[in-house]
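Here is the structure we will look at.
Numbers restart at 1 for each chain; the letters A, B, ... are given by sequence-line order, proteins then strands.
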Amino acid sequence: MTHPVLTMTSISKTFPGVRALDGVQFRLFPGEIHALMGENGAGKSTLIKVLTGVYSPDEGAIDLAGTPVSFGGPMQAAAAGVSTVYQEVNLCANLSVAENIFIGREPRRLGSIHWGEMRRRARALLARLDLDIDVTALLGTYSLAVQQMVAIARAIDIKARILILDEPTSSLDAREVEQLFRIMRQLRDTGIAILFVTHFLDQVYSVADRITVLRNGKLVGEYPIAELPQLALVEKMIGKELDVLERLEEQPKRDLAALEASTPFIQADGVGRKGVVAPFSLTIHGGEVVGLAGLLGSGRTEVARLLFGADRADSGRFVVNGAQTPMRNPVAAIGHDIAFCSENRRTEGLVGDLTVRENIILAMQAARGWLRPLPRRRQDELVAKYVEALSIRPSDPEIPVRNLSGGNQQKVLLARWLITEPRLLILDEPTRGIDIGAKAEIQKLVVQLSDGGMAVLFISAELEEVLRLSHKIAVMRDRNLVSQLANDDTVSAEHIMQAIASAGGTGQ
Amino acid sequence: MSALKNHRLFWPVLVLVALLTANAIYRPSFLAVQMRDGHLYGSVIDIVRLSAPLILVALGMTLVIATGGIDLSVGSICAISGAVACFYISQQPDQNSLASVLTALVLGLGLALVLGAWNGVLVAIIGIQPIIATLILMVAGRGLAQLITEGQIITINSSPYKTIGVGHLLTLPFAIFVALAVTVLLAALTRRTALGMIIESVGGNAEASRLAGIRSRRIIFLAYVISAVCAAIAGFMLTANVSSADGNSAGLWIELDAILAVVIGGTSLAGGRFFFSGTILGALIIQTLTTTVYAMDISPQTSLLFKAVVVIAVCLIQAPAFRDKFTRRKPTAVSQKEQVPA
């Protein structure tokens with residue numbers, strides 16, 4: 001093998017109260033795709049931030065192509081050939097695609113921006129990624145997947161030697177992921193070293209060449225992909241054998257017919273909203289888990305938002321507990337004991353400024369009205385109970401919630417709704433972007449809650465997850481609810497995929 | 001020491017102490033407090049008394065800014081409520097009657113409620129951007145005040161009304177007690193109930209708050225009403241100080257000082273967490289600065305510039321990114337509080 005393009009030696013970084021990295025070694029070779037694996041809080045993001053100069057390490061050295069470096073920030077790192085594409089697309093939605101690609105380094109002529117050249121180069125760059133879009137259109141008009149590609153285009157234009165992809169696939173559907181992988185391989189073959197962070201184990205095995213595993217801020221090891229089977233990888237990541245998921249699978253599901261014998265908790269009759277989701281009918285019973293499957297953008301979230309009154313339906317009617325109800329706004333839905341955990345934790349879920357405690361009691365307090373504050377003792381009791389029950393870490397409820405990792409933020413959002421004791425819990429992608437341990441805990445919780453009589457609408461892009469938990473599966477396709485399947489032993493991932501791919505029950 | 005330095009109020013307090021020290025060095029009698037006619041007098045007491053109107057306006061502004069908005073109309077509301085109160089008193093046969101002064105105050109406060117509700121409707125119900133919505137009343141309100149005073153300066157001779165501005169209670173200026181009472185009331189209103197947290201939630205993330213079932217329109221509406229009421233009380237003080245109501249100049253530019261006080265106090269203009277204690281310190285700093293300009297005989301031509309320079313210095317010294325440039329050779333890309341182990 002050639003010399004590594006990047007060597008990080010004995011990197012340590014301590015935050016108040018947390019040793020985020022402890023003497024970590026990391027190497028990258030030119031022309032490889034290297035997966036950096038670990039649970040939430042293992043130190044992956046910190047390592048990347050140390051590399052790109054967002055943080056300066058307390059100890060250790062970084063060596064880029066034979067020269068010791070220490071970047072003052074991501075811009076400096078990018079100029080030296082270390083480009084990063086972050087998990088959340090951080091481009092400007094209100095600028096054009098071309099402007100986004102060249103912002104800060106626009107091609108110039110006589111001191112002014114050379115717009116023609118900029119558009120031409122933007123088109124050429126995107127053509128390398130097989131993307132044929134209008135580069136003068138605002139970025140915000142394109143899907144998240146396209147925006148991700150634009151972010152990559154921006155990154156590789158800066159004569160990158162190292163390309164860091166931090167969770168690039170979490171908002172992409174299967175086809176888009178495949179497209180991304182093709183581009184990654186293509187870039188690898190030109191000699192770029194790609195550092196790839198993901199939570200999807202399958203993706204690691206379909207694209208990566210080598211794996212580095214971190215756990216609790218320490219290096220576990222560096223392995224060629226062939227020498228580390230999937231099970232061994234999981235064990236190395238969590239440091240113990242994990243059989244929670246397997247045990248979940250062994251539990252027999254309750255019979256759907258028995259579940260649906262009673263009056264449904266909520267019944268949507270021809271509910272829809274023009275241009276958002278076509279009219280659909282769906283019933284959810286107490287104790288039942290209804291899975292909502294479908295590709296990204298197929299209308300899964302939109303269905304959830306209509307049920308919660310986050311968007312107003314312009315057709316159809318809702319019947320809750322046998323009584324017809326207009327679902328005018330979230331306040332009305334909450335009044336009917338419906339809870340909704342949005343897929344966008346940061347923008348639609350949590351208030352980052354507020355503490356863990358305040359975020360947890362927010363919905364309950366909102367329902368009581370501001371004049372009737374929840375007594376502090378009661379707050380502390382409730383919060384302590386759920387911090388313990390959901391093992392939210394760190395367990396100090398008085399720190400701002402934005403300081404928590406993604407999985408723990410998800411648990412805070414769950415806790416917010418669980419203390420309101422809802423009768424219908426809508427979970428939109430509750431396990432996205434969180435590690436396998438937290439994922440298992442949340443899945444276990446869903447089973448427990450539905451056993452206790454709660455109705456759950458479970459939305460996930462991961463079919464295995466939907467199959468594992470649901471009693472009934474509704475399939476979305478192109479903003480239509482195309483089919484509903486009882487989830488018995490005969491239903492498999494292939495069935496669902498067929499329903500997603502074909503035009504559902506109507507045949508082709 | 002570092003815990004002390006990291007306290008929210010460390011830098012505002014330091015600036016205030018520095019300003020006071022500079023004054024004391026320049027004029028040693030600055031810190032002296034004398035007892036005359038049973039009242040306490042002194043520069044420091046003057047500063048607190050004169051800053052009372054600004055403190056009131058800034059407290060209301062703090063709540064509005066915490067919701068993510070801004071209220072530019074507070075200066076005009078000061079003028080209008082002051083004008084209404086003075087006009088009513090001037091029409092009374094006995095201007096010294098306590099009953100008519102109280103009626104005047106109720107009238108002024110009532111009108112402020114209406115004006116605050118107007119702002120609240122524009123922002124929270126119709127959805128106009130706060131800066132535009134309150135700009136309407138900022139401009140139109142001066143006209144309204146002029147209309148009330150019929151373009152004249154109304155002079156009154158009412159000792160109960162005058163008390164609000166320059167009277168004394170228990171040896172201290174009455175205005176201090178008014179500011180203190182409003183502070184205690186607002187603190188109780190926001191922190192004894194859940195209002196404070198809910199305002200911070202709406203300002204911190206409006207969409208998340210809506211999805212958590214918060215009726216944010218009501219909360220935002222309420223913030224503008226509270227702000228208008230605070231401004232009205234400040235308007236009474238300002239007009240009582242001079243025993244006259246001038247629709248043009250009462251409370252002129254006080255909205256800008258109030259916004260500055262809020263920002264110096266550590267409340268972000270983007271909304272979210274708010275701090276009354278910081279706001280009060282901010283108002284005291286601004287008033288101390290004004291007093292300093294007079295006390296040091298800085299010429300009127302340069303006084304605004306001097307004030308501006310100090311304000312810039314205050315803002316810079318509070319910014320962690322700026323301080324880092326001086327304490328470290330290499331600036332870090334993120335401030336300490338944003339560093340999150342992930």
Side-chain angles (χ1 to χ4, degrees), chain A residues 13-21 40-41 43-46 49 53-56 70 72-75 217 308 310 329-331 333-335 340 342 344-354 358-359 361-363 365-374 400 402-406 416 420, chain B residues 2-3 6 63 66-68 188-223 266-268 270-275 321 324-325 328-342:
Chain A
K13 177 77 188 168
T14 307
F15 294 103
V18 190
R19 190 147 175 87
L21 289 176
N40 287 333
K44 303 182 302 272
S45 300
T46 313
K49 285 177 177 164
V54 176
Y55 302 149
S56 51
S70 155
M75 292 292 274
F308 187 63
N329 50 37
V331 175
I334 293 165
F340 172 53
S342 166
N344 302 313
R345 291 188 288 267
R346 282 199 325 196
T347 55
E348 295 175 3
L350 301 167
V351 185
D353 260 3
L354 297 188
E358 289 170 320
N359 268 290
I361 64 155
L362 196 60
Q365 185 62 65
R368 291 168 67 100
W370 62 267
L371 278 169
R372 289 173 56 225
L374 199 61
R402 74 171 120 73
N403 289 4
L404 269 58
S405 67
R416 171 191 295 172
T420 66
Chain B
S2 98
N6 284 334
L63 291 182
T67 65
L189 181 67
T190 53
R191 297 303 181 193
R192 289 274 149 191
T193 70
L195 184 62
M197 185 191 85
I198 289 190
I199 285 177
E200 289 172 337
S201 170
V202 169
N205 189 339
E207 180 61 8
S209 302
R210 186 178 83 93
L211 292 180
I214 291 172
R215 300 167 199 258
S216 52
R217 286 179 174 184
R218 295 180 186 185
I219 300 296
I220 294 172
F221 178 87
L222 196 58
T267 302
S268 161
R273 286 276 185 218
F274 67 88
F275 310 102
D324 280 354
K325 283 200 175 160
R328 273 180 238 177
R329 277 178 62 103
K330 197 180 68 173
T332 46
V334 288
S335 69
Q336 195 66 35
K337 71 169 187 181
E338 283 167 339
Q339 290 197 0
V340 182

Heavy-atom pair with the smallest gap, counting every atom of [X] and [Y]:
X: B:I198; Y: A:Q365; value: CD1-CG, 4.2 Å
X: B:A208; Y: A:V351; value: CB-CG2, 4.5 Å
X: B:A194; Y: A:P373; value: N-CB, 3.8 Å
X: B:R215; Y: A:V331; value: NH2-CG1, 3.0 Å
X: B:A212; Y: A:L362; value: CB-CD2, 4.1 Å

Contact winner vs chain A - B:I214, B:L195, B:L189, heavy-atom pairs under 4.5 Å: B:L195
Value rounded to 0.5 Å, distance of CZ in A:F308 from CG in B:L211: 6.0 Å
Reported CG-to-OG distance for the pair A:D353 and B:S201, which is rounded to 0.5 angstrom: 10.0 Å
For [X], is it the side chain, the backbone, both, or neither that has a heavy atom closer than 4.5 Å to a heavy atom of chain B?
X: A:I334; value: side chain
X: A:R416; value: side chain
X: A:L350; value: backbone

Heavy-atom donor-acceptor pair, B:N205 side chain to A:T347 backbone, under 3.5 Å: yes
Side chain to side chain donor-acceptor pair (under 3.5 Å) partners for A:N329, two or more places apart: none
Test applied, side-chain contact (heavy atoms from CB on, under 4.5 Å); reference residue, A:W370; option that passes from B:T190, B:I199, B:T193: B:T193
Qualifying salt bridge (charged side-chain N to carboxylate O under 4.0 Å, His left out) pairs, either residue in residues 189-208 of chain B, two or more places apart: A:R305-B:E207, B:R191-B:E200, B:E200-B:R273, B:E207-B:R210
